[in-house]
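I have placed the structure first, in the form of structure tokens, so that the comments after it can refer back to it.
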Amino acid sequence: MKTELEMLQSWLDGSDDIVFFGGAGVSTESGIPDFRSVDGLYNQSYRYPPETIISHSFFERDPEEFYHFYKDRMLYLDAVPNAAHRKLAELERAGRLRAVITQNIDGLHQAAGSREVLELHGSVHRNYCTRCGREFDARYVKKAEGVPVCDACGGMLKPDVVLYEEALDSDLMYRAVDYIRRAEVLIIGGTSLVVYPAAGLVNYYQGDKLVLINKSPTAMDMRADLVISGPIGEVLGQIQVN
């Protein structure tokens, strides 16, 4: 009988229609903390709960406190791609992987070389002036004193990330659904599958090679065709791209 890793290798070797759907666990191996683990942001002490601070209404009500938290706890601009990011980019270059669908906002998939990346929750690397629409990068925001403002018109900047109370981009969701529906192999990695509506995308998969790679069990394990327990970078790092 093949081991789990051997099974994954054989499925990837035999497919040119692979889709990857990932969450915070993909980036923790790059030193970016997740929100829900024991050491995650939800289990640390701030003046307000993190889910309150990174909400749309809080951003408008108290942008100074929002940016204090955001720049301190959500901007990890020195983080570099890990083995998972690099392997997914390699699979794409080899013509095997069609798309990366991510809940992460750190841009590490693109930094590793992936091209077709659907960022469901946006990106810290895009920031817009709320007055004139001018775009700024993450380092401009990080270096700003207090609330970052536009150097052209003085308007307040807003990160292009989906805050609580905000809807996901409908066109992006449609593309994600289409990729997942047509995938032969769907790899889900580094996510507890509890954040909706993103987690609901899995329900659109129609194939018989659903792979779950995560350090802890998920509610979708019983439905998966292959479950591998472990850090996503450690697992994908062992895959050979032929």
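Worth knowing before you read on, the calculation uses all heavy atoms, side chains too, and leaves out hydrogens, waters and symmetry mates.
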For Val241 against Leu91, the heavy-atom pair lying closest together: CG2-CD2, 3.7 Å
Test item: Tyr164 and Ile54 side chains (from C-beta on) under 4.5 Å apart, heavy atoms: yes
Interatomic spacing from CE in Met220 to CG in Asn214 - rounded to 0.5 Å: 12.0 Å
Do you see a donor-acceptor pair shorter than 3.5 Å between the side chains of Asn242 and Asp13? yes
Distance, nearest 0.5 Å, that separates CG of Leu5 from OG of Ser10: 10.0 Å
Applying side chain to side chain contact (heavy atoms under 4.5 Å, CB included) to Gln110 and not counting sequence neighbours gives Val117, Glu119
Donor-acceptor contact present, side-chain Tyr128 to main-chain Cys132, <3.5 Å: no
Where does the angle between the aromatic ring planes of Tyr70 and Tyr67 fall among parallel (under 30°), tilted (30 to 60°) and perpendicular (over 60°)? perpendicular
Regarding His56 and Glu60, do their side chains bring together a donor and an acceptor under 3.5 Å, going by distance alone? yes
Are Ile187 and Ile18 close enough that some pair of their side-chain heavy atoms sits under 4.5 Å apart? yes
Linked, directly or transitively: Leu120 and Val100 (ILVMFWY side chains, under 4.5 Å): no
Residues forming a side chain to side chain contact (heavy atoms under 4.5 Å, CB included) with Glu116, sequence neighbours excluded: Glu92, Ala99, Leu118, Arg175, Tyr179
Inter-residue atom distance Glu135.CD - His125.NE2, 0.5 Å rounding: 11.5 Å
Is the backbone N or O of Gln9 less than 3.5 Å from a side-chain atom of Gln240, with the two atoms forming a donor-acceptor pair by type? no
Walk me through whether Leu163 and Phe59 qualify under side-chain contact (heavy atoms from CB on, under 4.5 Å). CA-CA 9 Å; Leu163 304 178; Phe59 170 78; 3.9 Å; yes
Check ion pair Arg126-Asp137 (N to O, under 4.0 angstrom): no
Determine, stepwise, if the pair Lys209 / Leu226 fulfils side-chain contact (heavy atoms from CB on, under 4.5 Å). CA-CA 7 Å; Lys209 294 181 176 66; Leu226 177 61; over 6 Å; no
What I'd like to find out is whether the side chain of Glu4 reaches to under 4.5 Å of the side chain of Val227, using heavy atoms alone. no
Can you establish whether the number of heavy atoms outside Lys142 located under 6.0 Å from its atom NZ is more than 12? yes
Nearest heavy-atom contact between Val141 and Lys71 is O-CD, 3.1 Å
Report the distance from atom CZ of Arg134 to atom SG of Cys129, rounding to the nearest 0.5 Å. 9.0 Å
Kindly indicate, with the supporting measurements, whether the criterion side-chain contact (heavy atoms from CB on, under 4.5 Å) is fulfilled by Ser30 and Val80. CA-CA 6 Å; Ser30 292; Val80 297; 5.6 Å; no
Under 3.5 Å: donor-acceptor pair, side chain of Arg98, backbone of Asp16: yes
Counting N and O atoms only, with roles assigned by atom type, does the side chain of Glu6 sit under 3.5 Å from a partner on the main chain of Thr3, one being a donor and the other an acceptor? yes
Ile101 CD1 to His109 NE2 distance, which is reported to the nearest 0.5 Å: 10.5 Å
Are Leu210 and Leu193 grouped together when hydrophobic residues (ILVMFWY) are joined by side-chain heavy atoms under 4.5 angstrom apart? yes
With a 4.5 Å limit on heavy-atom distance, are the side chains of Trp11 and Asp225 in contact? yes
Consider only side-chain N and O atoms of Ser123 and Asp160, and report whether a donor and an acceptor are under 3.5 Å apart. no
Nearest heavy-atom approach of Leu201 to Ala176 is CD1-CB, 4.0 Å
Closest approach of Leu236 to Phe20 (non-hydrogen atoms, all atoms of both residues): CD1-CE1, 4.5 Å
Is Arg93 paired with Glu90 through a side-chain N to carboxylate O contact shorter than 4.0 Å? no
Over all atoms of both residues, closest heavy-atom pair of Ile232 and Gly25: CG2-O, 3.5 Å
Could you walk me through whether Tyr76 and Ser27 pass the side-chain contact (heavy atoms from CB on, under 4.5 Å) check? CA-CA 11 Å; Tyr76 291 85; Ser27 293; over 6 Å; no
Do the side chains of Thr191 and Thr218 get nearer than 4.5 Å, heavy atoms only? no
Can you get from Phe21 to Ile105 by hopping between Ile, Leu, Val, Met, Phe, Trp and Tyr side chains that sit under 4.5 Å apart? no
Minimum heavy-atom separation for Cys153 to Arg131, with atom names? O-NH1, 2.7 Å
Roughly how far, to the nearest 0.5 Å, is CZ of Arg139 from CG of Leu75? 9.5 Å
With distance as the sole criterion, is a donor-acceptor pair present between the side chains of Arg223 and Asn203 under 3.5 Å? yes
Spell out, yes or no, whether Val185 and Leu97 are grouped together once hydrophobic residues are joined by side-chain heavy atoms under 4.5 Å, including indirect joins. yes
The criterion is side chain to side chain contact (heavy atoms under 4.5 Å, CB included); which residues satisfy it with Val149, sequence neighbours excluded? none
Do Ile32 and Leu108 come within less than 4.5 Å of each other through their side chains, counting heavy atoms only? yes
Is a donor from one side chain sitting under 3.5 angstrom from an acceptor on the other, for Gln103 and His121? no
Following the transitive rule for hydrophobic clusters with a side-chain heavy-atom cut-off under 4.5 Å over Ile, Leu, Val, Met, Phe, Trp and Tyr, establish whether Leu186 and Leu8 coincide in one cluster. no
Side chains of Ser15 and Arg96: closer than 4.5 Å at any heavy-atom pair? no
If only atom types and distance count, is the side chain of Glu234 paired as donor or acceptor with the main-chain N or O of Gly230 below 3.5 Å? no
Salt bridge between Lys158 and Glu166, side-chain N to carboxylate O under 4.0 Å? yes
Could you walk me through whether Phe66 and Phe58 pass the ring-ring contact (aromatic ring centres under 6.0 Å, His included) test, one step at a time? CA-CA 7 Å; Phe66 170 89; Phe58 191 92; 7.5 Å; no
